[in-house]
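Below: the structure, in structure tokens.
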Amino acid sequence: MKRIGVFTSGGDAPGMNAAIRAVVRAGIFYNKEIIGIYRGYEGMIEGDFVPMEVRSVSNILQRGGTILKSARSKEFLTAEGRTKAYEQLKKHNIDGLICIGGDGSFTGLHNLYKEHNIPCVCIPGTIDNDIPGTDYTIGYDTATNTAVNAIDKIRDTALSHNRLFFIEVMGRDSGYIAINSGIAGGAVAVIIPEEETSIDELIEKLNATGTQNKTSSLVIVAEGGKSGSAMEIAQRVKEKFSYFDTKVTILGHLQRGGTPTYFDRVLASKMGVAAIEGLDAGQTDVMVGIVHQQVIFNKFEEIMSQPKDIRKDDLRIAKILSI
Ligand code: F6P
């Protein structure tokens, strides 16, 4: 394998730049040519390619976002779109691919591999941490730290006014950011997509803790939960609970940006090197993972057949400590 294409796909995540840098530098270290593909699968279909040099990735290690830009391509969801993308790869003599993205991006890569047999490796990059086969995905640590910083600030104002805040964090189908920012931020309750939450039970808990001299309460809500958005839940609680004045804060895309933490930079660097070494050693249709500090390569089918489960023990700890 001589020419490897690298791209970022789906929602950006802090640390993606560190992963691009690692892929480019490890690729050059092993005498490969590395081609950057702009705007994920969209750019692949259009042939938006640029050769990457050692210095193309200088000074990006510490930057959020992705220098290659990202997209969620509708056309690539079709077999015709994927054929167009493959034709572009052939035209530019690209004989291997490294994708940095979430489960949707990995699914796209798997389809391209099945239909056109191009060797490929995925690096898990998403703030959601919702992919089996790795302890952490790139961006999750930074996003959770961002959420915790925001929660701490909200706590200051909540305490000053004796208020109840509902704070909505990201994670469409995943409660990771919510649970762990809830533990770190001392939330009274965490509402996640993986679990049904009874609003009556929540009110009971708020009443119980409120009457025990609690001077502020924070509830963390993951977006996309079965019980509704933070705004909707707050409205329902407000109707029956008046002990505290109630406010809502939605953290939104703030969690996607910013300087990656040391943890995400190191994770991305290790995974970038592993992707090049794996591809060179014949790994294909796999996702790099780091489990108990060991690099592993997970086959697409293995990953996708596993349930996207939260770590139940984290939730248990959040509950024990929120009395
Ligand atoms: O998958 C990452 C993520 O940030 C989710 O947490 C969130 O639901 C989604 O992307 C938002 O996507 P977009 O930026 O396209 O609105």
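Bear in mind the structure is a predicted one, so any value in this text is a computation, not a measurement. All ligand and atom numbering here is 1-based and tracks the order in the structure.
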dist L61:CG -> R25:CZ (nearest 0.5 Å) comes out at 8.5 Å
Does a sphere of radius 6.0 Å around CZ in F244 hold more than 12 heavy atoms from other residues, nucleotides or ligands, not counting ones at 6.0 Å or beyond? yes
Atom 16 (O) of ligand 1 [closest protein heavy-atom partner, distance rounded to 0.1 Å]: H253 NE2, 3.4 Å
Protein heavy-atom partner closest to atom 8 (O) of ligand 1 - residue, atom, separation in Å: E223 OE2, 2.4 Å
Which residue holds the protein heavy atom closest to atom 15 (O) of ligand 1, what is that atom called, and what is the gap in Å? R72 NE, 3.1 Å
Determine whether R172 and D130 satisfy the following criterion, salt bridge (Lys or Arg N to Asp or Glu O under 4.0 Å), listing intermediate values before the conclusion. CA-CA 10 Å; R172 215 173 1 205; D130 59 346; over 6 Å; no
May I ask you to decide if the ring planes of F300 and H110 are parallel, tilted or perpendicular, using 30° and 60° as cut-offs? parallel
K312 NZ: over 12 foreign heavy atoms closer than 6.0 Å: no
State whether the shortest distance between N or O atoms of G171 and N or O atoms of ligand 1 falls below 3.5 angstrom. yes
Just need the protein heavy atom nearest to atom 1 (O) of ligand 1, so name the residue and atom and give the distance. D128 OD2, 2.9 Å
What protein heavy atom is closest to atom 11 (C) of ligand 1, reported as residue, atom name and distance in Å? R256 NH1, 3.5 Å
